[in-house]
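Worksheet: one structure, shown below.
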Amino acid sequence: MNDSAAGLADPLPVPVYTLTKARSQIVRLVETQGLKVRPDEVRDVEAEVHADLAVPLFRAAKDAGADPVALARELASKLDLSHTLFRQVEAAQGYLNFRFNPVRFARSVVRDFQIEPEGYGKSTLGQGKTIVIDYSSPNIAKPFSVGHLRSTVIGHSLHRILSWLGYFLVGDNHLGDWGTQFGKLLEAWEIWGREELFKEHPTRYLLDLYVRFHEEAKVNPALDDRARDWFRRLENKDQAATRVWRRFVELSSAEFQRIYDLLGVEFDSTLGESFYADRLEPLVRHALDRGVAKREHPLEPAGNGEDDVARDERVVLIPLDSAGIDTPLILQKSDGTSLYATREIATAEYRIENWNPEQILYVVGNEQTFYFRQFNAALRLLGRRTPCVHVSFGLVRLPEGRMSTREGRVVFLEDVIIEAIRRARRIVEDRDMPDDEKEELARIVGIGAIKYADLSQSRVKEVVFDWDKMLALDGDSAPYLQYAHTRCRSILNKAGKPALKSRPDPGLLIHPDEVELLRQIARFPEAVLAAGTNHEPHRIAGRLYKLSQSFSSFYNNVPVLKADSQDLLRTRLYLVEMTGATLRNGLWLLGIEVPDRM
RNA sequence: GCGCCAGUAGCUCAGCCAGGAUAGAGCAUCGGAUUUCUAAUCCGACGGUCGGGGGUUCGAAUCCCUCCUGGCGCGCCA
């Protein structure tokens, strides 16, 4: 009663989970002595010291002009812990160390879980708000490379995490199906295109054409002019150009879908860039009318042909000096065609008008950081206030350097997936189960390993592609978490009756491994919150890994089915149930499936 | 040249946003655990000038400055 009533007084998302509640209690306890500490100054002590939560008082003591050591001692003797989750507070070198009352703590965590077992970790933070998230967004006519994996899995995970925080999500796969490169492909197709090769391996063949085009264009610059002309025809709805382009899109999309099916990645919307083609011209006109954009002579003439650029041809650009950016954003090329940025702005406007989101997230590589500053500044000048947040991530490189589709130096995602499944299959081989289950298990484990390799490290760092690292099946990996989960299932299955119906007695959880497991479970909701607000799925991955470690240790040291008493059996079963559900929930938030057995 | 990002154990990383108690994992190496709920597991050992220097602070891997190294970017590619 006291706990929850006090918890509701805070402007915190609901439900207020145990750990968050405990922080608030400490803040209020200290407040009763006329001192102010922030909730984030309450430290969640991982292991070592004799404390569950601790508050360093150095800062508060300084503000109050007191000696921290003496202050800690004084507070420790005065704080009244009744009606809190704590049983003890002691002073240690300027710290206030709090210990949980084990029974109240356990009971509280169990209560948290019982609110909605399959939704443990959810909250109402984003209720009533919409977020559009742009992820994956591969380029049509190019094979899906491991480079695109990051955007795909990070975006998909963020979609799930944010929806758990109560937001309404629109996941949009913004296919790169428009732009100058299609002019090049149309030209290449006209010269060299061969139907049977295209049909066999659409994107790989189109990549070949693309590579060949660039090689030939080096010695024959006229090709570039013809490519530009093709794209202009495409933007002018030329029928022949459109027909061929449409086939490129259709066959490439079918290939992408195959990958998405393997990965288990979905979208709410798949509007490619081409969808916005009709909004480009009005956008440019509007920007000019508003005085935000202006026509200007290009710094250097486009193309390199004879009298190609007529003197009256101008680029349309948006100067961004007012935003402190000296490079303007070009909206229209001197030949009148659109650019990536033009289509991005049109896209953002459409999303704003259509979905009225609180923000738009772009899961895009960090090589576009500068471009996103320009993009945001331009949108603002056009009167749009919706924040467009660049959720950036580091580039995936090969040991021999940057991947380049143009130079054919890429690792295809499909090859990685096949290899991952193959490696998983090697381990699954000697399991005693039907072949089709083996195959499905190999897929779940292999795909999980790939995703986890990406999601378990922070986004910002660049990744040097490494087969062994990406496909790790032991240690800090998805299979380790999946394995812990199947062990939970296995125990529960053998126990027979559904553990959720059993009545746990939290007072019985006194073994160190039980206590530690409970603490790990208690930390999960805050990890989900942090992952969502910071757009960092790896916070969940890290939390799940620690939870799995605790469970593995528990599994090794603490008998469940052979517990000393029926009460203990029921209680431990419940703990296992909580562990399994938390792992399942967390893995789901990462977009990773769990097998029934391994 | 200017800007953004990264640099933590042999290798791969977490911790940095909101500074706190002896800097944590995995892999690799070495040694142990299976009549007990699946060993894709567990326990232990080894291993670190937190890139260098300076500053702020009672206290710096964390904040500020500077230098070094690597990556990326800087008007008509996406």
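Given the structure is predicted, the values throughout are model-derived calculations rather than measurements. Each chain gets a letter, A, B and so on, in the order its sequence line appears, and its residues count up from 1.
Distance noted for atom C1' between B:C58 and B:C68: 32 Å (whole Å). If you take atom C1' in B:A23 and the same atom in B:G15, they sit 8 Å apart, rounded to whole Å.
At a threshold of 4.0 Å, the pair A:Arg226-A:Asp229 does not count as salt-bridged, since none of the basic side-chain nitrogens sits closer than that to a carboxylate oxygen.
Summarising the geometry, the separation between CG on A:Asp52 and P on B:A21 is reported as 17 Å, rounded to the nearest angstrom. Following rounding to the nearest Å, A:Glu367 (CD) and B:C4 (P) show an atom-to-atom distance of 17 Å. Here the P atom of nucleotide B:C37 and the CG atom of A:Asn493 are 15 Å apart, to the nearest Å. Nucleotide B:A21 holds its P atom 13 Å from the CG atom of A:Asp44, rounded to whole Å. Remark: C1' of B:G44 and CG of A:Asn556 are 14 Å apart, rounded to the nearest angstrom. In this structure, A:Arg373 places its CZ atom 14 Å from P of B:G75, rounding to the nearest Å. For A:Ile491 and B:U41, the CD1 to C1' distance is 13 Å, given to the nearest whole Å. A straight line from CZ of A:Arg43 to P of B:U62 spans 16 Å, rounded to a whole angstrom.
Between A:Arg402 and the phosphate of B:G73, there is a side-chain N or O to OP1/OP2 separation shorter than 4.0 Å. Put simply, A:Tyr340 has no side-chain N or O that comes within less than 4.0 Å of OP1 or OP2 on B:A78. Distances shown here put a side-chain N or O of A:Tyr480 below 4.0 Å from the OP1 or OP2 atom of B:C42. Taking 4.0 angstrom as the limit, A:His538 places a side-chain polar atom (N or O) nearer than this to OP1 or OP2 of B:G15. One finds no side-chain N or O of A:Lys461 lying less than 4.0 angstrom from the OP1 or OP2 phosphate oxygen of B:G71. Distances shorter than 4.0 Å separate some side-chain N or O of A:Arg343 from OP1 or OP2 on B:A78. Here A:Arg459 does not reach the OP1 or OP2 of B:C5: none of its side-chain N or O atoms lies under 4.0 Å away. The shortest distance between the side-chain N/O atoms of A:Ser490 and the OP1/OP2 oxygens of B:U38 is below 4.0 Å. Taking only side-chain nitrogens and oxygens, A:Ser392 never comes nearer than 4.0 Å to OP1 or OP2 of B:C5. Of the side-chain N and O atoms in A:Gln181, none sit less than 4.0 angstrom from OP1 or OP2 of B:C77. At least one side-chain nitrogen or oxygen of A:Lys333 sits closer than 4.0 Å to the OP1 or OP2 atom of B:C77.
Using a 4.0 Å heavy-atom cutoff across all strands shown, A:Glu41 reaches no nucleic acid atom at all. Within the nucleic acid shown, A:Val558 comes within 4.0 Å of at least one base atom, counting heavy atoms only. Nucleic acid contact for A:Asp40: base, since at least one base atom lies under 4.0 Å from a heavy atom of the residue. Across all strands shown, A:Gln368 has heavy atoms under 4.0 Å from base atoms, whether or not it also approaches the sugar-phosphate. Here A:Gly179 lies in heavy-atom contact (under 4.0 Å) with sugar-phosphate atoms only. A:Gln332 comes within contact range of no nucleotide atom at all, as no heavy-atom separation falls under 4.0 Å. Residue A:Asn97 is classed as a base contact, given a heavy-atom separation below 4.0 Å to a base. Among the heavy atoms of the strands lying under 4.0 Å from A:Leu317 is at least one base atom, whether or not backbone atoms are also near.
B:G75 takes the syn form, because its glycosidic angle lies no more than 90° either side of 0.
Remark: aromatic rings of A:Phe375 and A:Phe372 are close, center separation under 6.0 Å. Remark: aromatic rings of A:Tyr452 and A:Tyr480 are distant, center separation not under 6.0 Å.
Ring geometry for A:Tyr555 against A:Phe551 counts as tilted: the plane angle lies between 30° and 60°, on a 0 to 90° scale. Taking the six-membered ring where tryptophan is involved, the planes of A:His174 and A:Tyr276 are tilted, since the angle between them lies from 30° to 60°.
Look at B:C4: its Watson-Crick or wobble partner, with both distances under 3.5 angstrom, is B:G71.
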